[in-house]
Student: 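First the structure, which I've put down as structure tokens, then a few questions once you've had a look.
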4 protein chains.
Amino acid sequence: MSTKVTASVENPELVQKRRAQIVRAATKLFSSNGFNNTTIKELAAEAGISQGLIYLYVREKEDVLLLVLQQVVEEYAVEIPRSIVGVKSPLECLVRAIDAYCRVVDRHLAATTLAYQATKSLSQSRRNSIQESEMETNAIIGEIIRDCIGQGILRSVNVDILTYQIVFAAHGWALKGWYFKPRIGLDEYISDTIDIILNGLLTPEGQDLFDSLPDGLFSPV
Amino acid sequence: MSTKVTASVENPELVQKRRAQIVRAATKLFSSNGFNNTTIKELAAEAGISQGLIYLYVREKEDVLLLVLQQVVEEYAVEIPRSIVGVKSPLECLVRAIDAYCRVVDRHLAATTLAYQATKSLSQSRRNSIQESEMETNAIIGEIIRDCIGQGILRSVNVDILTYQIVFAAHGWALKGWYFKPRIGLDEYISDTIDIILNGLLTPEGQDLFDSLPDGLFSPV
Amino acid sequence: MSTKVTASVENPELVQKRRAQIVRAATKLFSSNGFNNTTIKELAAEAGISQGLIYLYVREKEDVLLLVLQQVVEEYAVEIPRSIVGVKSPLECLVRAIDAYCRVVDRHLAATTLAYQATKSLSQSRRNSIQESEMETNAIIGEIIRDCIGQGILRSVNVDILTYQIVFAAHGWALKGWYFKPRIGLDEYISDTIDIILNGLLTPEGQDLFDSLPDGLFSPV
Amino acid sequence: MSTKVTASVENPELVQKRRAQIVRAATKLFSSNGFNNTTIKELAAEAGISQGLIYLYVREKEDVLLLVLQQVVEEYAVEIPRSIVGVKSPLECLVRAIDAYCRVVDRHLAATTLAYQATKSLSQSRRNSIQESEMETNAIIGEIIRDCIGQGILRSVNVDILTYQIVFAAHGWALKGWYFKPRIGLDEYISDTIDIILNGLLTPEGQDLFDSLPDGLFSPV
DNA sequence: AATGAATGAGGCTTCATTCAT
DNA sequence: GATGAATGAAGCCTCATTCAT
């Protein structure tokens with residue numbers, strides 16, 4: 001990671017342990033109440049430590065947020081590559097990557113939502129550090145897509161847009177959880193999503209209709 | 001709208017005018033600095049009025065946020081139906097709706113981003129009011145999709161998921177503007193998005209490969 | 001003054017009035033308890049205003065200290081020149097200046113003591129601003145001394161050292177008030193001080209003795 | 001000393017050694033940053049020991065300050081008498097004492113300044129203990145002066161005021177070091193100071209003028 | 001004796017909200 | 001209707017002191 005959070009405690013195991021405590025508590029509170037509405041006092045209480053102790057492991061409150069967000073993007077960066085290790089077929093890679101992404105999100109619902117809420121609360125440099133990590137993960141997906149296109153498995157579509165469509169589909173499970181969770185399970189969400197994205201929507205008749213639409217249909221109003 | 005913001009000023013035209021001033025300023029400041037990092041003092045300065053005056057048109061700070069968010073969702077609720085008025089073909093409706101949604105987002109980049117950041121800062125009742133509006137707009141899109149499916153234009157896919165895929169595509173223009181804006185124009189974004197969503201991705205060969213993938217490929221790890 | 005303290009309140013009369021309140025309270029509390037041991041809460045209470053109000057007239061606590069110290073040095077810079085206005089004889093000027101200095105100190109016992117205690121609590125730039133004021137006042141005294149020497153009234157002594165001897169004599173009334181106050185009145189303090197400084201100490205016989213002291217008597221140990 | 005600082009460590013040599021470490025570090029930090037702006041953590045780092053260790057040799061932070069100040073006043077109390085040991089002539093005693101005082105100050109510039117700043121940070125009992133030491137040293141000088149007067153070497157002036165004039169002259173070398181140091185050396189400072197104090201200022205003509213000044217010149221305004 | 005992690009009280013400062021004009 | 005000075009409740013963070021090792 002480019003942006004390091006500094007601790008004034010030397011012992012690295014202790015640092016890791018304490019920070020894990022803090023991040024766990026922070027993820028919970030930040031995502032349910034928001035970063036700004038969570039006080040250090042509450043955070044300390046949730047983590048089972050004193051207020052002052054937090055500041056031995058973090059220089060300011062914003063650092064806690066950074067640690068939380070770093071944890072998620074790092075898990076993305078680890079889990080998605082791991083899900084396609086050893087898989088030859090690019091198509092299978094793509095399917096597995098989508099699947100893995102959705103499942104990582106499911107394990108980090110709170111933190112994922114948080115990333116959308118709280119990035120504005122980070123200073124520019126810290127925000128950059130998070131966005132770079134995000135782009136790295138996206139690059140992996142983009143690569144898989146390019147492979148598929150190269151092998152004639154996928155049509156030659158806009159890779160960036162498709163990448164983000166996949167990313168949003170995964171994040172959507174967290175962002176709109178309040179809508180989906182009561183209606184559908186994760187497995188179904190994943191398979192239906194993959195179905196829509198890969199198989200497209202139009203029936204043969206629909207395809208004819210679509211082709212006959214005037215070209216400039218959706219041009220500037 | 002179910003949740004009304006109350007003003008202590010009688011003259012309704014004045015209320016409208018002042019609130020417009022306030023909302024304009026708030027949209028700018030909230031979306032660039034975040035809701036919590038914007039002070040009433042800054043807001044008043046940006047709106048060209050005094051701090052005290054704000055409280056004649058709003059009961060508390062959160063109300064300002066509600067007004068801002070209401071404005072966006074209302075514009076969604078107005079613009080999207082308008083874009084399909086008089087259009088017979090459900091497929092054309094769908095295409096026009098996606099196009100319209102993206103363009104409304106483009107006109108409200110700041111506010112759209114804000115909706116993702118700041119909803120957590122709303123009290124539950126206010127949050128519900130926004131989410132209901134969002135669902136109303138989504139319902140329109142869902143209806144169009146169902147029409148398409150009913151007429152055999154689209155395959156029978158999961159309507160909810162597809163709806164949100166479209167919604168995310170539109171919102172994505174705002175949420176990831178920092179990525180897309182330097183790389184692509186709005187028109188291209190819209191047409192490529194529609195292409196991917198409607199036409200699907202798989203080539204005929206890709207289709208064969210996909211069909212031969214083991215069924216339980218992406219089941220729980 | 002070079003270093004200005006900024007207020008966020010416009011009305012200059014109000015600023016002056018409130019700052020006077022604050023400075024009066026601060027002088028009292030700072031000099032009896034020290035700058036660091038005085039809390040803003042105590043200060044507000046003593047001034048009869050709320051904590052928050054202080055920050056409409058001052059950017060940070062240190063500014064309050066600066067205001068207090070500025071007030072004293074400014075009074076020095078005003079009172080001492082005023083005491084010699086229109087006086088022709090340089091010797092009379094000198095006597096009057098010493099007298100005036102001591103009396104200003106007497107009117108600002110607390111603040112004078114404070115200046116010795118708290119200058120270290122000022123940031124460098126603020127400290128400089130105070131030291132410059134001090135030097136301006138000292139320059140006036142130095143000028144008078146030079147006049148006296150020029151006219152053959154005083155021996156040609158080290159002007160800087162004599163200046164500070166006078167300054168210390170004045171400040172001493174505040175600094176060692178705990179010693180002098182119970183033993184002697186201000187008038188007597190002033191006249192005895194002037195007597196010692198101007199008339200010297202040695203009797204004719206003492207003079208002879210002094211002249212016969214070995215030259216290197218007080219050289220480095 | 002009346003006020004003792006207690007240590008929880010038995011071995012007196014160790015106590016002395018550790019305290020010396022602590023006092024050395026404290027003198028440096030307190031006088032450059034002020035007592036209140038120096039943390040125990042910094043102090044420990046400067047002294048090369050741990051925070052906790054300090055509390056084995058001192059009951060609270062204020063004790064450290066007391067130790068520092070005690071060290072200076074004790075050195076005054078030792079050095080000044082030593083400088084006049086065996087000297088018969090009271091005038092020579094006086095000159096030597098002034099000289100010695102200035103030189104002790106020069107060796108303890110930081111601590112001397114500190115005494116003026118930080119005495120207010122001491123509790124009353126500790127402050128008294130320091131002031132008593134100061135008075136003891138002053139008493140020695142007062143005695144010498146009285147001797148001189150008794151032997152007809154000095155005029156019969158106010159002994160207290162003269163004593164403090166001498167004390168201030170010595171302290172001034174530290175207090176106004178920022179002014180004198182770049183302009184003059186210690187030796188010159190001492191000899192010029194003694195010259196002014198002992199020989200007085202007025203020329204014969206000045207004397208006449210002075211005698212002809214109206215008596216109530218410097219009476220209350 | 002020594003360490004340094006841990007505690008928690010309390011200070012400075014901000015800011016939503018009120019109120020006198 | 002409008003202003004902006006005034007309030008006071010917290011929030012973040014620091015740091016003297018303690019305590020387990």
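A note on names: the letters A, B, ... follow the listed sequences, proteins ahead of strands, and every chain is numbered from 1.
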Student: Quickly work out the C/Y57 OH to F/dT7 C1' distance and round it to whole Å.
Tutor: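 One finds 12 Å between C1' of F/dT7 and OH of C/Y57, rounded.
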
Student: Need two values: the first and the last nucleotide of DNA chain E, 5' to 3', having an atom under 4.0 Å from any heavy-atom of chain B.
Tutor: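 Under 4.0 Å from chain B, the extent on DNA chain E is E/dC15 to E/dT18.
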
Student: Among residues at least two apart in sequence or on other chains, which ones pass ring pair (Phe, Tyr, Trp, His ring centres under 6.0 Å) with D/F30?
Tutor: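 Testing D/F30 for ring pair (Phe, Tyr, Trp, His ring centres under 6.0 Å), a comparison that skips the adjacent residues, returns D/F35.
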
Student: Start at the 5' end of DNA chain E and walk down; is the nucleotide closest to A/V9 or to C/I40 reached first?
Tutor: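 The residue whose closest nucleotide sits nearer the 5' end is A/V9.
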
Student: Base, sugar-phosphate alone, or nothing: which one does C/S8 contact when heavy atoms must sit under 4.0 Å apart?
Tutor: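 The answer is sugar-phosphate, as C/S8 gets under 4.0 Å only of primed atoms, P, OP1 or OP2.
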
Student: Would you check if D/V72 and D/T27 make a side-chain contact, meaning some heavy-atom pair closer than 4.5 Å?
Tutor: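 Result no, sub-4.5 Å side-chain heavy-atom pair not found.
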
Student: So do A/K120 and B/T113 actually touch side chain to side chain, heavy atoms under 4.5 Å?
Tutor: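 In contact.
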
Student: Can you check the A/L53 CG to F/dC13 C1' distance for me, whole Å?
Tutor: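 Atom CG in A/L53 sits about 14 Å away from atom C1' in F/dC13.
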
Student: B/I49 CD1 to F/dA2 C1': how many Å, rounded?
Tutor: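 Rounding to the nearest Å, CD1 of B/I49 and C1' of F/dA2 are 10 Å apart.
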
Student: Distance check needed: F/dA10 P versus C/Q51 CD, whole Å only.
Tutor: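 Value for this atom pair: 13 Å.
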
Student: Could you give me the stems involving DNA chain F, meaning stretches of three or more consecutive Watson-Crick or G-U wobble pairs whose two defining distances are both below 3.5 Å?
Tutor: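 Only these stems qualify: E:2-21 with F:2-21.
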
Student: Nearest whole Å is fine: how far is F/dG11 P from B/N37 CG?
Tutor: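 Rounding to the nearest Å, CG of B/N37 and P of F/dG11 are 15 Å apart.
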
Student: Is the shortest side-chain heavy-atom distance between C/L67 and C/I22 below 4.5 Å?
Tutor: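 No, their side chains stay 4.5 Å or more apart.
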
Student: Starting from the 5' end of DNA chain F, give me the residue, A/Y55 or B/L56, whose nearest nucleotide shows up first.
Tutor: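 Its nucleotide being nearer the 5' end, the pick is B/L56.
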
Student: Testing the basics here: between A/V73 and A/S133, what is the closest heavy-atom pair and its distance to 0.1 Å?
Tutor: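 Looks like CG2-CB, 3.7 Å.
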
Student: Do D/V5 and D/R59 have side chains that get closer than 4.5 Å, going by heavy atoms?
Tutor: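 Result no, sub-4.5 Å side-chain heavy-atom pair not found.
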
Student: Check every strand shown and say whether A/I54 touches a base, only sugar-phosphate, or nothing at a heavy-atom separation below 4.0 Å.
Tutor: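 If one applies the 4.0 Å heavy-atom cut-off, A/I54 turns out to touch nothing in the nucleic acid.
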
Student: Where each residue is assigned the nucleotide of DNA chain E containing its nearest heavy atom, which of C/K41 and D/R18 is assigned the position nearer the 5′ end?
Tutor: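 The residue closer to the strand's 5' end, by nearest nucleotide, is D/R18.
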
Student: Count the heavy atoms of every other residue, nucleotide or ligand shown that sit under 6.0 Å from CD of A/Q124, and state whether that count exceeds 12.
Tutor: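 Check passes, neighbour count above 12.
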
Student: Just to be sure I understand the rule, does B/E10 reach a base, reach only the sugar-phosphate, or reach nothing, if contact means heavy atoms closer than 4.0 Å?
Tutor: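 Sugar-phosphate only.
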
Student: Please report, rounded to the nearest Å, how far the P atom of F/dC12 is from the CG atom of A/L65.
Tutor: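 From A/L65 CG to F/dC12 P: 13 Å.
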
Student: Using a cut-off of 6.0 Å, state whether more than 12 heavy atoms not belonging to C/E13 lie near its atom CD.
Tutor: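 It does not: C/E13 CD has 12 such atoms or fewer within range.
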
Student: Please report the distance, rounded to the nearest Å, between CZ in A/R59 and C1' in F/dC13.
Tutor: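 Atom-to-atom, A/R59 to F/dC13, this comes out as 12 Å.
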
Student: Could you walk me through whether A/V9 and A/R18 pass the side-chain contact (heavy atoms from CB on, under 4.5 Å) check?
Tutor: CA-CA 10 Å; A/V9 170; A/R18 289 298 191 204; over 6 Å; no

Student: Mind checking if B/N11 touches a base, just sugar-phosphate, or nothing, with heavy atoms under 4.0 Å?
Tutor: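 Result for B/N11 = sugar-phosphate.
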
Student: Both A/E42 and B/V15 contact DNA chain F. Taking the nearest nucleotide for each, which residue is further toward the 5' end?
Tutor: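 Looking at DNA chain F, the more 5' nearest nucleotide goes with B/V15.
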
Student: Between B/N128 and B/E132, is the side chain to side chain donor-acceptor pair (under 3.5 Å) condition met? List the steps.
Tutor: CA-CA 6 Å; B/N128 287 342; B/E132 275 167 33; 5.7 Å; no

